[in-house]
Amino acid sequence: MVGEEGAFVLGWDEVLTEEELSMTLKVLCMSEEEFKEYKEQDGWEDDSEEEENSTLSNEALTRLKTPCKKLLYDSVLLTLESYGTDLKAEQDLLNDKEAYEKLSRREQQALHVRYGQKKILHQLLELVQ
């Protein structure tokens, strides 16, 4: 369901791997009985038209069912914990011109990437609270 890298791709306005995330949330939030029924009915290939036409925009994420929101929220927290520093530390380093200039070009680029990733993850936390 998740693809080769085992990650979902989030953008500022929507989930870019929406099909994978939608299916994963749907399955993980099912009861065992619902899952068995879904699997027996070959539900993997035959989702409703409503689901196919929906996008996981930021607005749509706020309307997810509570169990799906909790699952996403907890997953984002785990992802943020996997970073060595928090968002504030990245922001402080970006604002400290002297410390920033001491970083190699590669380290500066990595800092910008990490900061952007963390900003998107924090935005997602707010959306699914």
Side-chain angles (χ1 to χ4, degrees):
M1 286 184 289
V2 180
E4 291 179 23
E5 294 184 24
F8 302 106
V9 181
L10 307 172
W12 285 110
D13 300 318
E14 64 187 14
V15 176
L16 302 177
T17 54
E18 63 187 276
E19 190 175 320
E20 292 91 343
L21 182 58
S22 290
M23 182 58 69
T24 301
L25 288 174
K26 181 177 183 176
V27 170
L28 291 176
C29 292
M30 285 180 179
S31 68
E32 187 176 343
E33 202 169 287
E34 289 171 323
F35 178 73
K36 284 179 183 176
E37 182 180 321
Y38 189 70
K39 191 175 172 184
E40 287 171 3
Q41 294 178 359
D42 292 327
W44 306 109
E45 299 296 326
D46 191 25
D47 283 337
S48 71
E49 207 172 288
E50 177 184 315
E51 289 174 1
E52 288 177 9
N53 293 330
S54 69
T55 61
L56 280 179
S57 64
N58 288 349
E59 183 183 334
L61 289 169
T62 63
R63 294 190 310 263
L64 289 173
K65 293 178 182 175
T66 301
C68 292
K69 282 183 172 182
K70 172 129 179 59
L71 182 61
L72 267 178
Y73 187 87
D74 292 344
S75 298
V76 170
L77 288 179
L78 285 172
T79 302
L80 286 169
E81 287 174 10
S82 72
Y83 286 96
T85 58
D86 63 7
L87 183 65
K88 183 174 178 346
E90 306 289 4
Q91 181 66 53
D92 291 344
L93 187 53
L94 283 167
N95 290 333
D96 184 345
K97 289 188 182 209
E98 189 176 314
Y100 181 80
E101 292 297 322
K102 289 180 182 177
L103 298 174
S104 70
R105 178 91 170 124
R106 186 178 186 108
E107 290 171 324
Q108 290 173 355
Q109 291 172 337
L111 172 63
H112 284 281
V113 170
R114 283 192 316 271
Y115 180 72
Q117 290 171 339
K118 290 176 188 178
K119 288 285 287 184
I120 289 172
L121 289 170
H122 279 274
Q123 176 182 287
L124 181 56
L125 282 178
E126 290 179 23
L127 293 170
V128 297
Q129 286 190 29

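Put simply, CD on E101 and CD on E98 are 9.5 Å apart, with the number rounded to the nearest 0.5 Å. In this structure, the separation between NZ on K88 and CG on L93 is 11.5 Å, given to the nearest 0.5 Å. Here the CE atom belonging to M30 is positioned 9.0 Å from the CD atom belonging to E37, to the nearest 0.5 angstrom. Between the CG atom in D13 and the CD1 atom in I120 there is a gap of 9.5 Å [rounded to 0.5 Å].
Minimum interatomic distance between C29 and L71 (heavy atoms only, all atoms of both residues): SG-CD2, 4.2 Å. For the pair H112 and L94, the tightest heavy-atom approach, listed with the atom from each and the gap, is CE1-CD2, 3.5 Å. Across all their heavy atoms, Q108 and Y100 have their closest contact at NE2-O, 3.0 Å. Across all their heavy atoms, Q129 and K69 have their closest contact at O-NZ, 4.4 Å. When all heavy atoms are compared, the tightest approach of T85 to K118 is O-NZ, 2.6 Å. Closest of all the heavy-atom pairs between H122 and L80 is NE2-CD1, 3.9 Å.
Hydrophobic clustering (side-chain heavy atoms under 4.5 Å, transitive across Ile, Leu, Val, Met, Phe, Trp, Tyr) groups L121 together with L64. Cluster membership for Y73 and L56, using ILVMFWY side-chain heavy atoms within less than 4.5 angstrom, is shared. Under the 4.5 Å side-chain contact rule for hydrophobic residues, V128 and L16 do not share a cluster. Following chains of ILVMFWY side-chain contacts shorter than 4.5 Å, one can reach W12 starting from L72, so the two form part of one hydrophobic cluster. One hydrophobic cluster holds both Y83 and L77 under the rule that ILVMFWY side chains link at heavy-atom gaps under 4.5 Å.
Two residues are said to be in side-chain contact when any heavy atoms from C-beta on lie closer than 4.5 Å; Q123 and L10 fail this criterion.
Of the possible donor and acceptor atoms, one in the side chain of T17 sits under 3.5 Å from a partner among the backbone N and O of V9. In this structure, the side chain of N95 engages the main chain of Q91 through a donor-acceptor pair within 3.5 Å.
The pair E59-R63 meets the salt-bridge criterion, since a charged nitrogen lies less than 4.0 angstrom from a carboxylate oxygen.
Applying the side-chain hydrogen bond (donor to acceptor under 3.5 Å, both in side chains) rule to K70 yields the partners D74; only residues at least two apart in sequence or on another chain are considered.
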